[in-house]
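Data block below; observations after.
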Number of protein chains: 2
Amino acid sequence: MRLSTKGRYAVTAMLDLTLNGSDGPVTLAEISETQGISLSYLEQLFAALRSKQLVKGVRGPGGGYYLGREADEISIADIICAVDEWVEFTRCGGNRDCQDGKRCLTHNLWDDLSNEIFSFLQSITLAELVERGGLKEQGCRKEKEKASIMPTASADTAAA
Amino acid sequence: MRLSTKGRYAVTAMLDLTLNGSDGPVTLAEISETQGISLSYLEQLFAALRSKQLVKGVRGPGGGYYLGREADEISIADIICAVDEWVEFTRCGGNRDCQDGKRCLTHNLWDDLSNEIFSFLQSITLAELVERGGLKEQGCRKEKEKASIMPTASADTAAA
DNA sequence: TTTATAACCAAGTAAATGACTAGGTAATTA
DNA sequence: TAATTACCTAGTCATTTACTTGGTTATAAA
């Protein structure tokens, strides 16, 4: 299982599409600009998204990308799976090589957890995210001290 | 944010500790054997876990590792944060450079999602996982067709 | 007191992944 | 016909993963 910055880029881009796609398709150049992601990298991400029918491309001038289906029909899990290859590893599918049950037990536990995380992410749609999150605290300022536990290494995703 | 195989290794090892730690400390050699993870890699993971007080090491013969605190006091988020460095990236903390609000809006949305995932993982403890998941379906066989959506690339974590 | 057993520690490595660049082709609109 | 966009391929460099090698220290048992 994986859930890296690549997935974040994809979700961010899809959110951008959701928010700005109401009047005509959105170009990758625009997303690249506003989100600070390299154009070519976006192209690669969107190739994956397109292959899973999550976006629809329109060529030529005035072209760009639409969402492949309604925003309430696209889950976060869909997006992450498209770009990040959600891999299942507990390979003890047919209980050979299963260290007298011990290994298999923990594998099962991890498997359950993994499924839970998956269905959690599957339960959140783009539409929901925009409704719930976006409108409350509009501005860029937010006071909450969310990161007291987690080390905040300042990754720099600077726009060129 | 990150949630990779490294985190899976750590959670798996901690689950092993939870299950087998009742009678004396568990050695990394044992975990390495039963879980199929390289000993030295485990040492590195446990160095991180130890620095966060999630495990306690006992040296010498008969030594090994205990959980650093009760299993119901250790969350999955704790474990993943220890080894995987939960990084927050929306760096527009003080709304400069904020592409007339657009970028910041999606950043906020991602941020909210990220927090939700975090508190979700924080709400699941080792004890809970063991109680809920492990006892129901004991054996290695399980019928559920969980992975119809996700591509099951068979990663090979073979024991040497 | 020696020896085996474990945790602890440091450095290096091959392979994979991440994020990006360069340089195209193919549709489509103006 | 020219500009604009998606679409495609093949690189590159840095980071991360998972692992190896080769130690040292603490401690229990001999």
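Throughout, protein chains are lettered first and strands after them, A, B, ... in sequence-line order, and every chain is numbered starting at 1. Computed from a predicted model, the values in this text were never measured in an experiment.
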Task: Rounded distance in Å - CG (B:L39) to P (C:dT5) - done: 14 Å

Which atoms of nucleotides 10-17 of chain D (N or O only) lie under 3.5 Å from a protein N or O atom, and what are those distances?
| unit_1 | atom_1 | unit_2 | atom_2 | d |
| --- | --- | --- | --- | --- |
| D:dT17 | OP2 | B:K6 | NZ | 3.4 |

Open item on the list: Does D:dA18 have OP1 or OP2 under 4.0 Å away from a side-chain N or O of B:R8?
Closed with: no

Task: Within residues 53-61 of chain B: residues closer than 4.0 Å to DNA chain D (heavy atoms) - done: B:R59, B:G60, B:P61

Task: A:T27: side chain to side chain donor-acceptor pair (under 3.5 Å) partners, not counting sequence neighbours - done: A:E30

TODO: Mind jotting down which residue pairs meet the salt bridge (charged side-chain N to carboxylate O under 4.0 Å, His left out) criterion with at least one end in residues 116-126 of chain B? Sequence neighbours excluded, please.
DONE: A:R132-B:E116

- [ ] Taking all non-hydrogen atoms of both residues into account, name the closest pair between A:W110 and B:L15 and its distance.
- [x] N-CD1, 4.3 Å

Open item on the list: If I compare all heavy atoms of B:L39 with all of B:A29, which pair ends up nearest, and what's the gap?
Closed with: CD1-N, 3.8 Å

Open item on the list: Is any side-chain heavy atom of B:L121 closer than 4.5 Å to one of B:L3?
Closed with: yes

TODO: Would you mind classifying the nucleic acid contact of A:Y65 as base, sugar-phosphate or nothing, using non-hydrogen atoms under 4.0 angstrom?
DONE: sugar-phosphate

TODO: Specify the angle, to 10°, made by the local axes at the two ends of the helix from C:dT1-D:dA30 to C:dA30-D:dT1 when five pairs are taken at each end.
DONE: 10°

Pairs under 3.5 angstrom only: tabulate donor-acceptor contacts from the side chains of residues 62-75 of chain A to other protein residues two or more places apart or in another chain.
| unit_1 | atom_1 | unit_2 | atom_2 | d |
| --- | --- | --- | --- | --- |
| A:R69 | NE | A:E73 | O | 2.8 |
| A:R69 | NH2 | A:E73 | O | 3.3 |
| A:R69 | NH2 | A:D78 | OD2 | 3.2 |
| A:S75 | OG | A:A77 | N | 3.4 |
| A:S75 | OG | A:D78 | N | 3.0 |
| A:S75 | OG | A:D78 | OD1 | 3.4 |
| A:S75 | OG | A:D78 | OD2 | 3.1 |

